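Everything below concerns the one structure shown next.
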Amino acid sequence: MDSVIEAEGLTKKYPEVTAVNNIDFQVKKGEVFGFLGPNGAGKTTTQRILTGVITATSGKAFILGYDIRKEAFYAKSRIGVVPELANIYIDLSAWNNLMLIGQLYDVPKENRIKKSAELLRIFNLYERKDEKTKVFSKGMKQKLLLCMALIHSPQILFLDEPTAGLDVVSSRLIKEMIAKFNREGVTIFLTTHNIQEADELCNRIAVIDHGLIATIDSPENLKKEFQSVQTIEVAFNPPIKSEDDLKEIEYVNKVQKIGDKFKIYTNNPDELIRQLLNFSQKRNLKIFSLNTLGPDLEEVFVKITEEHKGWSYGKEKSFSKTV
Amino acid sequence: MEKKNLFLRQFKSTWAITKKDMSIYYLKPPVLIYGFIFPGFIFLAFFLGKNMPFSSLLPVVIVLALFFTSSSVGPIITPWETRMRTLERLVSCPISLEFILLGDILAGFLFGVGITLILSVFAMPKIG
C-alpha cells in the first residue's frame, strides 16, 4: 500500500462556518506530511476527522485502507495521536497514564511495562515517572503525550502543534524524536503553523486556508515556485536613513528594515545587485554586507495565503488541488 | 477480528476506564459532598426533632446512601473529562463512545453498591 492516509472530498460544516471544504489529499507511507495553515484554517478539524474524534459532514477518510467512520476500531488501533492541548490525566502519575493508554490499545502487560520504561527514558522522564503529572511543566506534559502516542508502536503518528509553547531544548528533543521515529518507518502527519518546523521536518507540505487546500508540494518545490520572493539583505556604511531611497531602485519589489540591514524582495537578484552597486557608488556609501537569500518558506506561506484570500470568494472549488 | 473478540477487547478497555475513574474521581470534592455530606444532612433533617427509634430510620439511611452515592460519580466524570480534554484522548483510542460511557457508569454503580453494602453490613444487626 502506497498511501496510508487518504482524504476524499472531506467536508466539515458547522452552523456558522465551513471549517473544512471538500479537500482531497493522500499521504504516502513513511513520509512526514506537514499540514500548514494560519489559525482557524481547518488544520485541527482535519486532524480530528482523520483520527476519528469527530465525523465529517461529507466525504471519506481512509487510514491504512480502513474507513475511519465504518472501521474506526481498526484504524484507531494503528495510529498514535498527540492532540494540540495537553490532555493527560493530571491526577495520575506519568507511569499510570502510560499504563492506562497501553491497556486501551491492548498492549500486553509485559510489553507495556518495557515500552513505557523505554519511552520515559528516551524523553528524560523516567526519574519522575511516579509523580502526579499535575506538577509537570508544559514541555514534560508534551513529552508524556508523545510517549502515550507511541506506546503501542503505531504505524502513523498524528501530531498537532507538538512544539507549540515549548522551550528550545524541549522543542529540539521532540523534533529529533519525530525524525528518529520517521526513520524507523513511522508515517508522520504534522499539523503546525510553525513554518520553520515544517521546513525542517516535512517531505511534503499541504497549505490549508479557509478550509481549502491551497497547494501540496515539497518545501523546496514550493520555494522554487515562488522565486519572486527571493530576497537580498544589504547593509551600508554609513547607514542610510530611510528605505524610501531603496524603493526607487529598479527590480525592487518591497523593502523591509531589519535592525541596521535592509531586506529587499526581488524577482531578479542579479540585476538588483548591480543596481545596488551603482546606488552605493553614487551616494559614496560602502556596502557593509550583502547576502542573497532564496525564498524562505515563511514568505511562500504568506504569499499563498494572501493569494488565497483573493481566490476564496469566487473560485473556491477550483483552488482545491489534488495530488 | 471476530465480533466476539472485538467485544471482549472493548470490554477490557471499559474495565481499564472504570479503574481509572475509581482512582481519580472517588475522592474528588464534588463526589464527597454529593455522595456523603448531602445524604448525611438529609438524614439528619428526618432524624432530628422526631421521636423515632434510630433502627427504624436505618433503611432510610441505606436508601439515601444508595440514591446519592450511585448518582454522585457519573455526572462528575463526563463534564470533568470534557473540560480537561481527556475525553478527546479516550475517543481517539480504539474504543467506542458507548464503551467509554459504560466504563463511567460502572464506576458510579460500583461506588453506590460499595458504600451501600458497607452501610448495610453495619445496619443489618440493628434492623434485625
Side-chain angles (χ1 to χ4, degrees), chain A residues 44 47-55 63 66 68-93 95-109 112 132-134 141 144-145 148-149 151-152 154 156-160, chain B residues 1-32 35 72-74 76-108 111:
Chain A
T44 300
Q47 175 163 323
R48 292 174 91 209
I49 294 170
L50 293 174
T51 54
V53 173
I54 55 172
T55 50
I63 305 293
Y66 295 108
I68 191 68
R69 218 164 173 174
K70 293 175 185 162
E71 300 160 301
F73 179 85
Y74 301 101
K76 287 178 182 180
S77 300
R78 289 158 176 83
I79 60 171
V81 184
V82 177
E84 187 180 2
L85 294 170
N87 49 10
I88 53 177
Y89 284 98
I90 56 168
D91 292 304
L92 296 179
S93 65
W95 185 260
N96 286 342
N97 266 291
L98 281 167
M99 289 299 112
L100 170 67
I101 298 298
Q103 280 174 292
L104 295 178
Y105 281 97
D106 201 29
V107 181
K109 194 174 179 182
R112 205 156 66 215
K132 279 194 177 176
T133 53
K134 65 171 74 167
K141 284 179 180 164
L144 182 59
L145 270 171
M148 287 158 76
I151 190 158
H152 58 294
I156 305 171
L157 191 57
F158 286 88
L159 305 163
D160 194 354
Chain B
M1 200 185 288
E2 280 177 55
K3 269 193 173 176
K4 190 183 160 193
N5 284 347
L6 192 68
F7 180 83
L8 280 176
R9 204 187 128 176
Q10 296 225 53
F11 197 76
K12 269 172 76 182
S13 299
T14 297
W15 182 238
I17 288 171
T18 303
K19 283 196 292 178
K20 175 265 298 173
D21 289 342
M22 286 159 86
S23 64
I24 294 176
Y25 297 104
Y26 277 12
L27 292 175
K28 286 272 180 218
V31 174
L32 295 177
S72 64
V73 180
I76 301 290
I77 299 172
T78 310
W80 198 287
E81 297 229 347
T82 309
R83 191 163 60 88
M84 300 301 287
R85 300 197 67 151
T86 45
L87 185 63
E88 188 166 328
R89 187 77 196 80
L90 293 181
V91 173
S92 66
C93 291
I95 177 168
S96 68
L97 201 57
E98 290 81 6
F99 278 90
I100 294 173
L101 289 174
L102 181 64
D104 296 342
I105 291 166
L106 214 53
F111 188 64

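Letters A, B, ... are given to chains in the order of the sequence lines, protein chains preceding strands, and every chain is numbered from 1. Remember, predicted model here, so these are calculated numbers, not experimental data.
For A:A72, the side-chain contact (heavy atoms from CB on, under 4.5 Å) partners are A:K76, not counting sequence neighbours. With sequence neighbours excluded, the residues forming a side-chain contact (heavy atoms from CB on, under 4.5 Å) with B:T82 are B:T78, B:L87, listed by chain and number.
Interface residues of residues 20-27 of chain B toward chain A, defined by a heavy-atom distance below 4.5 Å and sorted by number: B:K20, B:S23, B:I24, B:Y25.
Side-chain contact between A:I68 and A:L50 is absent, with no heavy atoms from C-beta onward closer than 4.5 Å.
Neither the backbone nor the side chain of A:R78 comes within contact range of chain B; no heavy atom of the residue lies under 4.5 Å from a heavy atom of that chain.
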Side-chain polar contacts of residues 98-108 of chain A - donor-acceptor pairs under 3.5 angstrom, sequence neighbours left out - could you list them?
| residue | atom | partner | partner atom | Å |
| --- | --- | --- | --- | --- |
| A:D106 | OD1 | B:K12 | NZ | 3.1 |

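Salt-bridge check for A:D91 with A:K132: failed, with every basic side-chain N at 4.0 Å or more from each acidic carboxylate O.
The candidate with the highest count of non-hydrogen atom pairs below 4.5 Å against chain A, out of B:K19, B:Q10, B:K28, B:E88, is B:E88.
Using bins of under 30°, 30° to 60° and over 60° for the plane-to-plane angle, the ring pair B:F7/B:F99 lands in the perpendicular bin.
No donor-acceptor contact under 3.5 angstrom links the side chains of A:T51 and A:R48, judged on distance only.
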